[in-house]
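Structure first, commentary second.
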Amino acid sequence: MIGNNSEINLYNWNDWYFEKLELNFDDIKVYISNDTDEIIELICKKYIGISYLGHWDESVIKSMKVNENTELTEKSIKVIKENYKDMVLGGGYRNITDIWCEFVIEFIDGNTLGIVCSEIVLVSNSE
């Protein structure tokens, strides 16, 4: 794994809380908190895919991890290639040959949030 991505897999995120998700053209920001009101911002840079189906009323996190070579990654790249057909997919902000990973949050009800991106950066907002 690259950059800060590997740090995520080193921690136990059980019983943290999903607070919010912000999505813009470049990044997806995920905010989580714990019982001591510590807030962590996770920035998923240069995202190319997101999956979150079946949300009901659960925000308690069971686990968070970063995986490589996932089904969501393959689906995201496939859709991009289909949408852009013969256009060159590189040289701009994103490049189809970049290294992609999937950031996965599993909730205690079994639902998952998956984000395919190039890098995840952890930012602690605790004072």
| query | Do the side chains of I32 and V60 join up, straight or via other hydrophobic residues, at under 4.5 Å, putting them in one cluster? | reply | no
| message | Would you say that W13 contacts S63 through its side chain, given a criterion of any heavy-atom pair below 4.5 Å between the two side chains? | response | no
| field | Single-linkage hydrophobic cluster V66~L10, side-chain heavy atoms < 4.5 angstrom | value | yes
Under 3.5 Å, side-chain donor or acceptor atoms of residues 15-23 against the rest of the protein: list the pairs with distances, not counting sequence neighbours.
residue	atom	partner	partner atom	Å
Y17	OH	D35	OD1	3.1
E19	OE2	S33	OG	2.4
K20	NZ	E22	OE2	3.2
E22	OE1	Y31	OH	3.4

| Same apolar cluster: I50 and V79, side chain cutoff 4.5 Å | no
| field | Co-membership, hydrophobic cluster, residues I40 and V104, 4.5 Å side-chain | value | no
| task | Might you confirm whether atom CG of N83 has over 12 heavy atoms from other residues, nucleotides or ligands at distances under 6.0 Å? | result | yes
| query | Is any side-chain N of the basic residue among D98 and K46 closer than 4.0 Å to the acidic one's carboxylate O? | reply | yes
| So how far is it from N34 CG to I39 CD1, rounded to the nearest 0.5 Å? | 9.0 Å
| Short N-O contact, K78 and E74, less than 4.0 angstrom | no
| Are any side-chain N or O atoms of Y52 and backbone N or O atoms of I115, one a donor and one an acceptor, separated by less than 3.5 Å? | no
| field | Reported CG-to-SG distance for the pair L42 and C117, which is rounded to 0.5 angstrom | value | 10.0 Å
| said: List the residues meeting salt bridge (charged side-chain N to carboxylate O under 4.0 Å, His left out) with E58, not counting sequence neighbours, and say none if there are none. | reply: none
| Can you find a pair of side-chain heavy atoms, one from F103 and one from M64, that are under 4.5 Å apart? | yes
| field | Heavy-atom check, side chain of I120 versus side chain of I8, under 4.5 Å | value | yes
| Polar side-chain atom of S76 near backbone of L72 as donor-acceptor pair, under 3.5 Å | yes
